[in-house]
Structures are given as structure tokens and as C-alpha cells.
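One structure is given here, and the rest of the page talks about it.
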Amino acid sequence: MTLRKGEKMTISIQEHMAIDVCPGPIKPIKQISDYFPRFPRGLPAAVGRSGALRPAVSQPSVSPAEAPREEDEDVDQLFGAYGTTPAQQPAKCPPPEEAVDPEGYESDDCTALGTLDFSLLYDQENNALHCTINKAKGLKPMDHNGLADPYVKLHLLPGASKANKLRTKTLRNTLNPTWNETLTYYGITDEDMIRKTLRISVCDEDKFRHNEFIGETRIPLKKLKPNQTKNFSICLEKQLPIDKTEDKSLEERGRILISLKYSSQKQGLLVGIIRCAHLAAMDANGYSDPYVKTYLKPDEDKKSKHKTAVKKKTLNPEFNEEFCYEIKHGDLAKKTLEVTVWDYDIGKSNDFIGGVVLGINAKGERLKHWFDCLKNKDKKIERWHTLTNELPGAVLSD
């Protein structure tokens with residue numbers, strides 16, 4: 001292309017865009033943080049700024065795509081050497097003597113809510129779960145004075161209800177309470193130990209408002225070994241959701257200890273109502289006036305009803321009563337034993353607390369108890385059973 005004297009050269013926009021104006025390889029632009037790296041408190045002063053990061057521009061042999069990645073690796077290695085990274089928080093509770101930079105590093109739940117020390121023991125012979133609540137440390141302040149009035153409550157999941165709630169006493173104005181209290185669940189079976197979870201919650205008691213939740217932890221009972229105490233020291237967590245799909249018709253209403261024995265001498269089934277534990281409170285005073293009824297069904301003559309005495313103002317009654325049903329051993333396989341617990345009320349209809357059905361169509365411990373009775377004549381077999389608030393096919397009227 002020839003140009004006349006004084007004429008300027010013009011090029012089209014297409015030609016202009018096609019011209020490679022890059023003077024050479026593009027080097028990464030250093031960030032201000034490369035010159036002033038920010039470390040968490042507690043790092044030793046021996047880590048200097050000049051040797052902390054190796055800038056990519058000092059290594060011309062490194063390609064532009066790899067340079068930022070290597071720089072990131074240097075940062076990761078630097079922070080990783082001291083047990084933390086800028087993008088994540090420590091997984092464990094920081095020791096009290098170590099300070100954490102308040103800017104950019106949030107406290108985790110363990111620091112914010114506190115820790116709880118407790119121990120669990122499953123007494124297999126007596127079907128009891130002993131929960132010893134020892135102490136808590138560093139609880140979250142809940143009151144205006146910067147303190148709290150903490151107590152601990154226990155629930156068994158699934159099937160949490162007032163019937164299986166246990167709680168410690170309340171300690172006033174402290175963030176480091178020491179309870180040393182043992183709470184015991186009776187009627188815990190091997191089946192419960194497989195499928196149940198113990199929920200332990202720490203709450204703050206308020207006289208004039210609703211009690212406030214501080215933190216909780218959950219322990220699957222299958223982690224425990226029979227007759228061996230296991231100690232725990234666990235960081236409290238925020239409140240976890242409870243499964244909303246849980247069948248409300250099978251809400252637990254307490255436990256009952258029943259004995260079964262087929263007597264060859266009396267030619268009949270002996271049913272023993274020994275005791276109940278953790279019954280649901282049906283009265284305004286927080287208690288019930290419980291009694292137990294038993295039926296052997298089908299009951300064509302309607303003569304199989306037996307009833308215990310009423311125990312006043314208790315959720316853990318002891319009955320120790322025995323009833324006899326005259327029946328041939330071979331006919332028991334066709335029968336079903338229905339046991340219901342009621343709250344006695346004067347001047348109005350009695351309230352149904354809960355019940356359980358034993359028989360060939362039952363499941364789990366209820367079926368096993370019935371089968372063991374049929375298999376072992378003249379041998380008394382005792383089992384704890386869970387009371388539920390609904391019995392399939394039962395008429396729940398007194």
C-alpha cells in the first residue's frame with residue numbers, strides 16, 4: 001500500500017481488532033495483600049512478610065495460568081502450618097488461653113453455647129438408663145446480668161413427650177453450673193437401645209417469661225455398651241429440627257412392666273401388672289391417678305376384664321397385682337392380651353393414658369414376650385413395654 005506525501009494511513013476497524021498489540025506475556029498483577037498479608041493472632045513473629053509469599057512475577061518461567069494457583073498454595077501452606085486456614089474456622093473448641101481475632105473470625109457454636117459433661121450407663125438387668133449430668137462450662141449468657149439460670153432436660157427420641165421428659169434442678173446466676181445429678185429412665189429395653197436417641201438440652205429458666213433454649217446434644221443409645229459407663233464432654237449445638245413425619249398416633253405415654261406365666265396347675269394364664277414408669281400427666285397438678293385394665297380378646301362373653309386399684313397422684317405407680325384367665329394352653333395362640341392404663345377422675349369420664357397389645361399379631365418385644373410365655377410353661381417372664389396413645393381396633397372408653 002503506497003501513501004502520497006502528507007496523506008495519513010487509515011485502517012478499517014476489522015484490521016484494527018486483528019492487530020496483536022500485546023507486548024509479550026501478561027504477568028499477574030500483584031494484590032495489595034501480597035505486600036501486607038494479614039495473619040490471625042497467635043502466629044509467631046518469625047514469619048516475615050518478605051518470605052511469606054513468593055510472587056509469581058519473580059518466576060518468568062511459570063505460565064500465567066499457573067501463577068495464581070501456586071500463590072494460593074503458598075497461602076494454604078502458610079496458614080496450614082499453624083492449624084487454620086483463612087476460609088474456615090477451627091473444628092474444635094479453642095483453649096481459653098488462646099485469643100481469636102474478633103474481626104473476620106466468628107466464634108463457633110462450641111465457644112458461643114458452651115460444653116456439657118455427663119455420663120450414661122445402661123443397666124441391662126434392671127432395664128434402666130442412668131444419665132448423670134455433671135457440669136457445664138462457658139454457657140451462653142441469657143440474662144441482663146450477663147449470667148443464666150441453667151437446667152438440663154432429657155427426652156427420648158423418637159416419641160418425645162412430657163411422659164419421657166426428665167430434668168435437673170435449676171442453678172441460679174452461673175455460666176459454669178455443677179449439678180452432679182443422676183436422672184434414670186426405667187423400662188428401657190434392648191430394642192430401645194437400638195432405635196432410640198437421647199436428646200440432652202440445656203435451658204435458661206425465666207420466672208416471668210418462657211424458658212429459653214441454650215444448646216443441645218443428641219446421643220444414639222446404640223453407642224452404649226450394656227453395663228459400661230461412658231463419659232462425654234461435648235460442645236452444645238443449636239437446636240436441631242425434629243422429624244415432622246413421625247407418626248403422632250404412636251406418641252409414647254409411659255412404660256409398663258408386665259409378667260406372663262401359663263400355670264399348668266391352674267390351667268390358666270397369669271397376668272401380673274407390676275408397675276408403670278414415666279406416665280403422661282393428665283391432671284392439672286402435673287400428676288395422674290392411674291389404674292390398669294386388662295382384656296383377653298376375642299372376648300365373646302365379655303368376662304375377661306380385670307382392673308387394678310387406683311394409685312393417687314403419681315406418674316410411677318407400683319401395683320403388684322396378678323390376674324388369672326382360665327384357658328387351655330393351645331387356645332392362647334388365638335388370643336390377644338390388651339393392657340390399658342387410665343387416669344381416674346371424680347365426676348367425669350376417666351382419661352385414657354396409654355396401652356399395649358400382646359399377641360401373635362404383635363411385633364418386636366410384644367411378640368417376643370407372648371411367644372416366650374407360650375414356649376415356657378410354668379415360668380414367669382417379665383418385660384417392660386412402651387405405652388402408646390392409640391391401640392389399633394381397641395375401644396378406648398372406660
Side-chain angles (χ1 to χ4, degrees), residues 109 113-124 126-137 139-140 142 148-171 177-206 210-226 228-243 246 250-256 276-281 286-288 314-316 354 384 386-388:
D109 289 347
L113 303 179
T115 59
L116 182 66
D117 293 353
F118 60 96
S119 64
L120 302 177
L121 170 63
Y122 173 47
D123 184 352
Q124 191 175 34
N126 296 310
N127 295 104
L129 176 64
H130 303 288
C131 314
T132 300
I133 308 299
N134 297 319
K135 61 183 179 179
K137 292 186 291 185
L139 294 180
K140 179 182 177 181
M142 304 298 290
D149 302 320
Y151 67 92
V152 177
K153 64 179 180 180
L154 311 179
H155 281 105
L156 283 176
L157 305 175
S161 65
K162 292 183 179 180
N164 64 35
K165 183 185 80 172
L166 301 177
R167 62 162 286 175
T168 66
K169 60 187 176 183
T170 300
L171 299 182
T178 299
W179 289 281
N180 290 328
E181 238 181 287
T182 299
L183 307 174
T184 302
Y185 280 106
Y186 295 99
I188 301 297
T189 64
D190 291 341
E191 183 181 359
D192 291 326
M193 296 301 294
I194 295 173
R195 67 184 186 91
K196 291 285 188 180
T197 295
L198 180 65
R199 179 190 184 196
I200 306 178
S201 307
V202 181
C203 300
D204 171 60
E205 184 176 291
D206 278 320
H210 290 294
N211 296 342
E212 294 180 290
F213 174 87
I214 298 177
E216 71 168 42
T217 186
R218 298 186 186 184
I219 306 296
L221 297 185
K222 61 184 178 182
K223 288 186 175 182
L224 305 180
K225 295 181 179 179
Q228 292 185 19
T229 300
K230 187 168 184 177
N231 297 307
F232 297 86
S233 182
I234 295 182
C235 295
L236 296 174
E237 302 176 80
K238 295 178 181 178
Q239 193 161 15
L240 301 173
I242 296 178
D243 187 6
E246 187 179 314
L250 296 180
E251 178 188 345
E252 293 186 9
R253 309 299 290 273
R255 306 291 175 105
I256 185 169
C276 294
H278 316 299
L279 292 180
Y287 293 96
S288 292
T314 178
L315 301 180
N316 299 280
W384 281 96
T386 301
L387 299 170
T388 57

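Quick caveat: nothing in here was measured; it's all calculated off a predicted structure.
Closest approach of L139 and V202 over heavy atoms only: CD1-CG1, 4.1 Å. Closest non-hydrogen pair, K196 versus P158, comes out as NZ-O, 2.6 Å. The shortest heavy-atom contact between R167 and L183 is O-CD2, 3.7 Å. The two residues L113 and G215 have their closest heavy-atom pair at CD1-CA, 4.5 Å.
Under the 3.5 Å distance criterion, the side-chain polar atoms of S119 are left unmatched by any main-chain donor or acceptor of T229. At least one donor-acceptor pair under 3.5 Å links the side chain of S288 to the backbone N or O of A280. Judged by distance alone, the side chain of Y186 and the main-chain N or O of N316 form no donor-acceptor pair under 3.5 Å. In terms of modelled atom types and a separation under 3.5 Å, the side chain of K137 and the main chain of L116 share no donor-acceptor contact. Counting only distance, with no hydrogens or angles, the side chain of W384 and the backbone of T189 share no donor-acceptor pair below 3.5 Å. Here the side chain of H278 pairs no donor or acceptor atom with the backbone of R255 at under 3.5 angstrom.
In this view, K222 and P220 satisfy the side chain to side chain contact (heavy atoms under 4.5 Å, CB included) rule, not counting sequence neighbours. Residues forming a side chain to side chain contact (heavy atoms under 4.5 Å, CB included) with Y287 (at least two apart in sequence, or on another chain): N285, K313, L315. Every residue meeting the side chain to side chain contact (heavy atoms under 4.5 Å, CB included) condition with N134, not counting sequence neighbours, appears here in chain and number order: D117, T132, N180.
The distance from the CD atom of E205 to the NZ atom of K169 is 13.0 Å, given to the nearest 0.5 Å. In this structure, CG in L224 is found 7.0 Å from CG in L129, a value given to the nearest 0.5 Å. Note: C131 SG to L166 CG = 7.0 Å, rounded to the nearest 0.5 Å. Interatomic distance, NE2 of H155 versus CD of E252, reported as 11.0 Å (0.5 Å rounding). L154 CG to I219 CD1: the interatomic distance, rounded to the nearest 0.5 Å, is 11.5 Å. Atom OG1 of T178 and atom NZ of K135 lie 6.5 Å apart (nearest 0.5 Å).
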> Between L198 and Y185, is a side chain to side chain contact (heavy atoms under 4.5 Å, CB included) present by the stated rule, with each step listed?
Replying inline: CA-CA 11 Å; L198 180 65; Y185 280 106; 3.9 Å; yes
>> D192 vs N127, test: side chain to side chain contact (heavy atoms under 4.5 Å, CB included). Steps then yes/no.
In response: CA-CA 10 Å; D192 291 326; N127 295 104; over 6 Å; no
> Could you walk me through whether I214 and C203 pass the side chain to side chain contact (heavy atoms under 4.5 Å, CB included) check?
Replying inline: CA-CA 5 Å; I214 298 177; C203 300; 5.6 Å; no
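Side-chain contact between Q239 and E216 is present, with at least one heavy-atom pair separated by less than 4.5 Å. Residues Y122 and L221 fail the side-chain proximity criterion, which asks for heavy atoms closer than 4.5 Å.
Checking N211 against Y151 by side-chain atom types alone, a donor-acceptor pair falls below 3.5 Å.
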